[in-house]
Amino acid sequence: MGKLRYKGYTGSVEYSEEENSLFGKVLGLRRDGIIYEGDSAQEIRKDFEEAIDHYLACCAERGVQPEKPYSGNFVLRMSPELHGQAAERADDLGLSINDFINNAIRSALATA
């Protein structure tokens, strides 16, 4: 699966063998659904960008704040033992547990 990026939004790109076309949706939105399609890479990129522009224009017309993908907040569930180990290690390093987890995620993404 590919990804498209435009104005802070990320969209998926998938292939439908049945329709012999590309399609996708904007990722990370909980309330609003934005979909797009095309028969080529150029067409799907154009439809994706037009869909984002249309969404932003409609929000502006209605006077509502457009939904932003990925708020930066999420609930993380872990065992009490792992939670305790993370909190202790963060304290040893002089970090908040939030900073410790952010650093761990950055490190994991850098080596992926």
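No more than 12 heavy atoms of other residues, nucleotides or ligands sit less than 6.0 Å from atom CZ of R77. A 6.0 Å sphere centred on CD of E37 holds no more than 12 heavy atoms belonging to other residues, nucleotides or ligands.
With hydrophobic clusters built from ILVMFWY side chains whose heavy atoms lie under 4.5 angstrom apart, I35 does not share a cluster with L4. Placement of I34 and V64 in two distinct hydrophobic clusters is found when ILVMFWY residues are connected by side-chain heavy-atom separations under 4.5 Å, directly or transitively. One hydrophobic cluster, built from ILVMFWY side chains closer than 4.5 Å, cannot hold both Y15 and F23; they sit in different ones. Connection of V75 to M78 is not established within any shared hydrophobic cluster, with ILVMFWY side chains joined at heavy-atom distances below 4.5 Å, either directly or through further cluster members. When the side chains of ILVMFWY residues are joined at heavy-atom separations under 4.5 Å, either directly or via intervening members, L109 and L95 end up in a single hydrophobic cluster.
In this structure, the separation between CZ on R5 and CZ on R45 is 9.5 Å, given to the nearest 0.5 Å. With rounding to the nearest 0.5 Å, the separation of NZ in K46 from CD1 in I44 is 13.0 Å. Rounding to the nearest 0.5 angstrom, the gap separating the NZ atom in K3 from the CZ atom in F48 is 11.0 Å. Note that the CD1 atom of I97 and the CG atom of N102 stand 11.0 Å from one another [nearest 0.5 Å]. If you take CZ on F100 and CG on D91, they are separated by 11.5 Å, rounding to the nearest 0.5 Å. Interatomic distance, OG of S12 versus OH of Y36, reported as 4.5 Å (0.5 Å rounding).
For the pair P69 and L27, the tightest heavy-atom approach, listed with the atom from each and the gap, is CB-O, 3.5 Å. The two residues S96 and A90 have their closest heavy-atom pair at O-CB, 3.8 Å. Between P66 and C59, the closest heavy-atom pair is CA-SG, 3.7 Å.
The only option from D47, I52, D53 that meets the side-chain contact (heavy atoms from CB on, under 4.5 Å) definition with E50 turns out to be D47.
Although no hydrogens or angles enter the test, the distance criterion places no donor-acceptor pair under 3.5 Å between the side chain of E49 and the main chain of Y6.
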